[in-house]
Amino acid sequence: MGQHVSHSDFEWSYTEEPHATRRKEILKKYPEMKRLFGRDERMPYKVTAMVLFQLVSIYLVSGRPWLQVIALAYCLGGVINHSLMLAIHELAHNLAFGHSRPLANRLLGIFANLPIGIPFSVAFKAYHLEHHRYQGDERLDTDLPTALEARLFCTTFGKFVWVLLQPLFYALRPVITYPKPPTALELVNTTVQMSFNVAVGYYLGARAVFYMLGGSLMAMGLHPVAGHFISEHYMFKKGYETYSYYGPLNAITFNVGYHNEHHDFPAIPGCRLPEVRKIAPEYYDNLPQHNSWVRVLYDFVTDPEIGPYARVKRKHRGL
């Protein structure tokens, strides 16, 4: 089973999350930062291009041998789908059409959701915005692993399995720990997605469905682009709860690696987050950071100092 993790509890904090304070300081010192606020006008075109690429790919792989389908799902389809997931992350912040057109952002999210196969784009917004507002809150931040996860997956082998099963935990954790009644738009998202999945299965067969769903699940688990799930908030250095990644995979993930910058300024689209660091380097250059998501995954699995317990938690404000 390998080494047991050295922690037996989360890192409890009794201070506010750091991003609101840093945002206020930076805006006071660099008021020109506000010019970066707004939307990414190219986002609808990027999303449309990726969805169309995947639709063509789904059709083309439907007649290929299974081994080719699996390899293509892992190396190509899953990467594009993961990029679409991060486009949905941008859309959760209304960064395609702006805050004045929330429905347009939601509808583009439902469209971006199609090749992924798992209907989540509408529900993701509500949970994700609470992750920003209540970072570390033991009840409201569903990005935090549960105590049961931390206890069960506390060895080297256990952490390896946990990484493989990340999609399962991300999908089920909010439903179990913090269920919310579905909205009408969530039902639309689910109906559209399930209808699309059934149509693909009916007309193109199991290989096409696997390319969609299998690719999405593999690229959320033991996959280089999935390293951001762990790199963003797992405590690789004591006292620091958010980490940025400045490696090349930002180019295909809407700069989600600029995670300190994103939490400091969630109203700035990913395409302009590198400018945040350029304007205020003294706030970011000296923070602990990552340069390889593959190394993040390796260290998470093998280092006994890191594991599901390596997260900063805060008592729920209502308690």
inquiry  = Apply side chain to side chain donor-acceptor pair (under 3.5 Å) to residues Asn113 and Gln193 and explain how you reach the verdict.
reply    = CA-CA 7 Å; Asn113 204 152; Gln193 187 65 58; 3.3 Å; yes
query = Does the pair Tyr74 and His223 meet the rule for a ring-ring contact (aromatic ring centres under 6.0 Å, His included), with working shown?
reply = CA-CA 8 Å; Tyr74 185 86; His223 196 290; 4.4 Å; yes
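Other residues, nucleotides and ligands contribute over 12 non-hydrogen atoms within 6.0 Å of the NZ atom of Lys180. Within 6.0 Å of the CD atom in Gln68, the count of heavy atoms belonging to other residues, nucleotides or ligands exceeds 12. Other residues, nucleotides and ligands place no more than 12 heavy atoms under 6.0 Å from the OH atom of Tyr298. For Tyr45, the OH atom sits in a loose shell: 12 or fewer heavy atoms of surrounding residues, nucleotides or ligands are nearer than 6.0 Å.
The distance between the ring centers of His99 and His93 does not fall below 6.0 angstrom. For Tyr258 and Tyr284, the ring centers are positioned 6.0 Å apart or more.
Remark: Glu11 engages Lys238 in a salt bridge, criterion side-chain N to carboxylate O under 4.0 Å. With respect to the salt-bridge test (charged N to carboxylate O, under 4.0 angstrom), the residues Glu149 and Lys159 do not qualify. Between Asp40 and Lys46 there is a salt bridge, since a side-chain N of the basic residue sits under 4.0 Å from a carboxylate O of the acidic one. Salt bridge Glu282/Lys29: present, at least one basic N to carboxylate O contact under 4.0 Å. A salt bridge links Arg311 with Asp143; the closest basic N to acidic carboxylate O contact falls under 4.0 Å.
Residues Tyr127 and Ile118 do not share a hydrophobic cluster, clusters being chains of Ile/Leu/Val/Met/Phe/Trp/Tyr side chains in contact below 4.5 Å.
The backbone N or O of Gln3 sits less than 3.5 Å from a side-chain atom of Thr156, completing a donor-acceptor pair. Using modelled atom types, one side-chain atom of Arg272 and one backbone atom of Arg39 make a donor-acceptor pair closer than 3.5 Å.
Just one residue in the list His82, His259, His290 forms a side-chain hydrogen bond (donor to acceptor under 3.5 Å, both in side chains) with His228, and that residue is His82. Shown are Arg22, Arg23, Arg277; of these, the salt bridge (charged side-chain N to carboxylate O under 4.0 Å, His left out) with Asp264 is made only by Arg22.
Side-chain contact between Glu241 and Met235: absent, with no pair of heavy atoms (C-beta onward) separated by less than 4.5 Å. Side chains of Arg35 and Ile279 form a contact here, defined as non-hydrogen atoms less than 4.5 Å apart.
Rounding to the nearest 0.5 Å places CG of Asn81 at 9.5 Å from CE of Met50.
The cationic group of Arg151 does not satisfy the cation-pi geometry with Phe153, failing either the under 6.0 Å distance to the six-membered ring centre or the 45° limit from the ring axis.
His19 and Thr242 form a side-chain donor-acceptor contact under 3.5 Å, judged by distance and modelled atom types alone.
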